[in-house]
There are 2 protein chains.
Amino acid sequence: METSSESAAIAALRLFQAGARLEEKFAAGLGAVHGLSLKDALLLMHVADAEGGRLSRIELAKLLAVSPSTVTRTTAPLEKRGFLGRESHAHDARFAYVVLTKAGQRAVADAEATFTRLAADVFSDRWAAAEIETLGSLLGRLA
Amino acid sequence: METSSESAAIAALRLFQAGARLEEKFAAGLGAVHGLSLKDALLLMHVADAEGGRLSRIELAKLLAVSPSTVTRTTAPLEKRGFLGRESHAHDARFAYVVLTKAGQRAVADAEATFTRLAADVFSDRWAAAEIETLGSLLGRLA
DNA sequence: GGATGATGTTTCCATATGGAAGTAATATGG
DNA sequence: CCATATTACTTCCATATGGAAACATCATCC
């Protein structure tokens, strides 16, 4: 039990370190492409992958692990830039769904390409395909 | 190449999600114990584990993946609370090493115990010891 | 069907953060 | 040795964030 707790603590510690390191790298890479922050890109990608092509701000907040107020503040400039639009729920006027515009679809395609390239770059050194799969699978159980 | 890039992107995405989720959990758990933020606790733990029991603020900034100014701002209240002290380099007056006081050593022991308990809790469900080891090992190569 | 409670969103405020600039001390190059 | 560059640290400022409160809408209960 003790050794297991110990390795759990080590895994958590390294998760924080690796996460911070990758966030820096991805923020720099994505910012250079289309002036998108990492959170901007993740937000657009979540909307693109969403069922029906739209997400409420609450759903986005949960997916991005940020507060609802942050989603409001983040989406506003992306609407101004023409990447995002609004859509109402047919039977519930409280919802203000986030949807991608045409320009937003182009932007998210570019951002996803950059994201994938950056991810491939992270693992380009001494990583076997199976190891990347294993890491993704294990991390999936934490999210 | 394509499939490998794809799984790399998925792994990176899940790393961000898992990291954010665990940060919330750990911040709540550690805050409840001794009013320490996660970054406070990690800072103290790094100093405790450091060679010679001391670290420069620049070294701390790298270990915590934050800016030097954040280290300055973070250590100041911990000095006031009596957890941290300062030590000068014998031959270079630029260095203001961060060291633990007696109270700081007690605090970091408590924080480490809480940290380990929280980590164990995260993996308490359907995780084999070998899987935790594997995850920690793979993450170690990213940090 | 009117009061109460719950939900989605926005606004406001206090706090946290990074980067640039400033300060102090050491290293380097002539 | 003196000027310049580099390094460690701090301060200042602009921005990002979460949480509480406000607001609008919908659901529930009597």
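In the text below, chain A, chain B and the rest are named by the order of the sequence lines, each starting its count at 1. Computed from a predicted model, the values in this text were never measured in an experiment.
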Does [X] sit in a hydrophobic cluster with other residues, and if so which ones, taking ILVMFWY side chains as linked at heavy-atom separations under 4.5 Å, directly or through other members?
X: B/I58; answer: none
X: A/V33; answer: none
X: A/F95; answer: A/Y97

Exercise for review: Walk along DNA chain D from 5' to 3' and tell me the first and last nucleotide with an atom closer than 4.0 Å to a non-hydrogen atom of chain B.
Suggested key: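 Going 5' to 3' along DNA chain D, contacts run D/dT6 to D/dT11.
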**Asked** Which ring-ring contact (aromatic ring centres under 6.0 Å, His included) pairs, counting each pair once, include a residue from residues 39-84 of chain A, with sequence neighbours left out?
**Response**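 Of all non-adjacent pairs touching residues 39-84 of chain A, none passes ring-ring contact (aromatic ring centres under 6.0 Å, His included).
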If you look only at pairs with a residue in residues 121-143 of chain A, which of them pass as a ring-ring contact (aromatic ring centres under 6.0 Å, His included), with sequence neighbours excluded?
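Listed by first then second residue: A/F123-A/W127.
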Listed in order of residue number, which residues of residues 39-54 of chain B have a non-hydrogen atom at under 4.0 Å from DNA chain D?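 The answer is none.
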Do any of residues 65-84 of chain B sit with a heavy atom less than 4.0 Å from DNA chain D, and if so which?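 Result for residues 65-84 of chain B: B/P68, B/S69, B/T72, sorted by number.
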Under the side-chain contact (heavy atoms from CB on, under 4.5 Å) test, residues paired with B/T75 that sit two or more places apart
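side-chain contact (heavy atoms from CB on, under 4.5 Å) check on B/T75 returns B/L43, B/R57, B/V71, B/E79, B/L84, B/V98.
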- Message: Under the rule for salt bridge (charged side-chain N to carboxylate O under 4.0 Å, His left out), what residues qualify as partners of B/R21, not counting sequence neighbours?
- Response: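 B/R21 satisfies salt bridge (charged side-chain N to carboxylate O under 4.0 Å, His left out) with no residue once adjacent residues are dropped.
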Just to verify, what does B/R106 make a salt bridge (charged side-chain N to carboxylate O under 4.0 Å, His left out) with, not counting sequence neighbours?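 Testing B/R106 for salt bridge (charged side-chain N to carboxylate O under 4.0 Å, His left out), a comparison that skips the adjacent residues, returns none.
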Nucleotide by nucleotide, nucleotides 1-8 of chain C touches protein heavy atoms under 4.0 Å in the pattern (B base, S sugar-phosphate only, - none) -----BBS
Taking the side chain as everything from C-beta on, heavy atoms only, tell me whether A/E131 gets closer than 4.5 Å to A/E133.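 A side-chain contact is absent here, since even the closest heavy-atom pair is not under 4.5 Å.
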To the nearest 0.5 angstrom, please state how far the [atom1] atom of [X] sits from the [atom2] atom of [Y].
X: A/L138; Y: B/L135; atom1: CG; atom2: CG; answer: 5.5 Å
X: B/L64; Y: B/T70; atom1: CG; atom2: OG1; answer: 9.5 Å
X: B/S5; Y: A/D121; atom1: OG; atom2: CG; answer: 10.0 Å

To the nearest angstrom, how far is A/E87 atom CD from C/dT9 atom P?
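Distance check: A/E87 CD to C/dT9 P gives 13 Å.
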Atom CZ of A/R86 and atom P of C/dT9 are separated, to the nearest Å, by 9 Å
key: Path from A/F16 to B/L30 over hydrophobic side-chain contacts below 4.5 Å   = yes
